[in-house]
Amino acid sequence: MTLSAHDLQVRHGERRVLDVAHLSLAPGQVHALLGPNGAGKSTLLHALSGLERSCARRVHLHGRPLSEWDTLALARQRALMSQELQVPFDFSARDIVRMGRFPHSDCPHPDEPELVERCLDTVGALHLIDRLHQGLSGGEKARVQLARVLAQVTPRPGDTPEHTSARWLLLDEPTAALDLAHQHSVMRLLRQLAAQGFGIVVVLHDLNLAQAYADQALVLRDGRLDTLGRCDDVLQPKLIQRIWGVLCEKLQRPGQAGSWLALSSLAPGVTE
């Protein structure tokens, strides 16, 4: 039930933007994609989702190359929340979440209205159900899109355990437009979904969120996988200084296990 890739390369013209020799991600975990701007995080996420058609045969879901999956069957097994998603018409939040059910149109959910409401409620956006998309804030739009991908991977009536297990959510900076409380709410939700057996791959810029909620950190640099491992092992001051060029130290969280990263406001060599 893994999501894996072998000899994964993506080129934009003459420029190689991604080069990953091997990657194997297990379901039931939150995998955080980390790295500076332009490191290849979104490109890797799109490749793992199958959007990079040139390398779809190099990515395997449940042991099968993405190139061999039926489009709708693949959409029922994994959902992608892109960083930038344009909505050309002014749909309501209800309509946008219902769009997530399109891959299931041959076998609709008998309680689809309730399912849509439940997905919006799960992300704390039920009160937005009748609001039009263009009138929503950036954070509200992000939560509605998260509800949409949840609806997309909700099993169909009669699906066997084989078809309902190990579904994947691929999320590109889902917390970027959210306030502090909603950032933690979304990350807690991802942890809950992982506990239910979902595979979660999430692009993050906040290293503290990654350390607090993710199981595994994948640090990209210049299109290559620099470091992979448990967050507590990977997110160390020396690595952060090497990859991001920022000084930091680890601080103990009062009354809790684990630690927070305290980042310097100045990069090495910069003076006030």
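Note that OG of S54 and CD of Q9 are 10.0 Å apart. Values are rounded to the nearest 0.5 Å. Once rounded to the nearest 0.5 Å, the distance linking CG of L8 with CG of L44 reads 6.5 Å. A distance of 6.0 Å separates CG of L189 from CG of L150, quoted to the nearest 0.5 Å. The structure places CG of L136 at 7.0 Å from NZ of K141, a figure rounded to the nearest 0.5 Å. Rounded to the nearest 0.5 angstrom, E173 CD and T175 OG1 are separated by 7.5 Å. In this structure, CG in L171 is found 7.5 Å from CG in L45, a value given to the nearest 0.5 Å.
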Legend entry - side-chain contact (heavy atoms from CB on, under 4.5 Å) evaluation trace for L80 with V149: CA-CA 7 Å; L80 171 69; V149 296; over 6 Å; no

Inset, instruction - Using the side-chain contact (heavy atoms from CB on, under 4.5 Å) rule, take L218 and L25 through it: C-alpha gap first, then chi angles, then the decisive distance, then the call. - result: CA-CA 10 Å; L218 297 83; L25 304 178; 3.9 Å; yes

Inset, instruction - Go through L220 and L225 one step at a time and tell me if the side-chain contact (heavy atoms from CB on, under 4.5 Å) criterion holds. - result: CA-CA 5 Å; L220 293 170; L225 186 58; 3.9 Å; yes

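Residues satisfying the side-chain hydrogen bond (donor to acceptor under 3.5 Å, both in side chains) criterion with R242, sequence neighbours excluded, are D226. R98 is linked by a side-chain hydrogen bond (donor to acceptor under 3.5 Å, both in side chains) to E112, counting only residues two or more places apart in sequence or in another chain. When the side chain to side chain contact (heavy atoms under 4.5 Å, CB included) test is applied to A125, the partners found at least two apart in sequence or on another chain are L120, V123, L128, R143. Every side chain to side chain contact (heavy atoms under 4.5 Å, CB included) that A214 has, sequence neighbours left out, goes to V30, A32, C231. Contacts of R230 classified as side-chain hydrogen bond (donor to acceptor under 3.5 Å, both in side chains), with partners at least two apart in sequence or in another chain: D233. The ring pair (Phe, Tyr, Trp, His ring centres under 6.0 Å) check on H109 picks up nothing, with sequence neighbours excluded. Judged as a side chain to side chain contact (heavy atoms under 4.5 Å, CB included), and not counting sequence neighbours, D222 has no contacts. Applying the side-chain hydrogen bond (donor to acceptor under 3.5 Å, both in side chains) rule to Q152 yields no partners; only residues at least two apart in sequence or on another chain are considered. Remark: S24 pairs with T2, S4, H22 by the side chain to side chain contact (heavy atoms under 4.5 Å, CB included) rule, at least two apart or across chains.
A donor-acceptor pair under 3.5 Å is formed between the side chain of D90 and the backbone N or O of Q134. Here the side chain of S105 pairs no donor or acceptor atom with the backbone of R101 at under 3.5 angstrom. Looking at R78, its side chain does come within 3.5 Å of a backbone N or O of S49 through a donor-acceptor pair. With hydrogens and angles ignored, the 3.5 Å screen pairs a side-chain donor or acceptor of R76 with a backbone N or O of P103. The closest donor-acceptor contact from the side chain of E140 to the backbone of S137 lies under 3.5 Å. Under a 3.5 Å cut-off, the side chain of D70 and the backbone N or O of A73 do form a donor-acceptor pair.
Sorted by first and then second residue, the salt bridge (Lys or Arg N to Asp or Glu O under 4.0 Å) pairs with a member in residues 18-40 read R16-D19, D19-R224; sequence neighbours excluded. Judged as a ring-ring contact (aromatic ring centres under 6.0 Å, His included), not a single pair has a partner in residues 220-241 (not counting sequence neighbours). The stretch residues 193-218 participates, sequence neighbours left out, in these ring-ring contact (aromatic ring centres under 6.0 Å, His included) pairs: H184-Y213.
The shortest non-hydrogen separation linking H133 to I96 is CD2-CD1, 3.4 Å. Across all non-hydrogen atoms, the minimal contact from L61 to Q77 is CD2-CB, 4.0 Å. The heavy-atom pair separating G28 from D215 by the smallest distance is O-OD2, 4.5 Å. Residues L66 and L48 come closest through the heavy atom pair CD1-O, 3.4 Å. Nearest heavy atom pair, residue W168 against residue V153, reads O-CG1, 4.1 Å. The two residues P27 and G197 have their closest heavy-atom pair at CB-O, 3.7 Å.
Annotation: side chain of L34 is not in contact with side chain of V234 (no heavy-atom distance under 4.5 Å). Annotation: side chain of S82 is not in contact with side chain of Q145 (no heavy-atom distance under 4.5 Å). Residues M81 and L146 form a side-chain contact, since some pair of their non-hydrogen atoms from C-beta on lies under 4.5 Å apart. Side-chain contact check for H60 versus E68: every heavy-atom pair is 4.5 Å or farther apart. Looking only at side-chain heavy atoms (C-beta outward), E52 and L18 stay at 4.5 Å or farther from each other.
With V186 as reference, L178 is the one residue of L178, L209, V202 to meet the side chain to side chain contact (heavy atoms under 4.5 Å, CB included) rule.
Side-chain contact annotation: K41 with Q83, donor-acceptor N/O pair under 3.5 Å absent. No hydrogens or angles considered: a donor-acceptor pair under 3.5 Å links the side chains of H31 and Q216.
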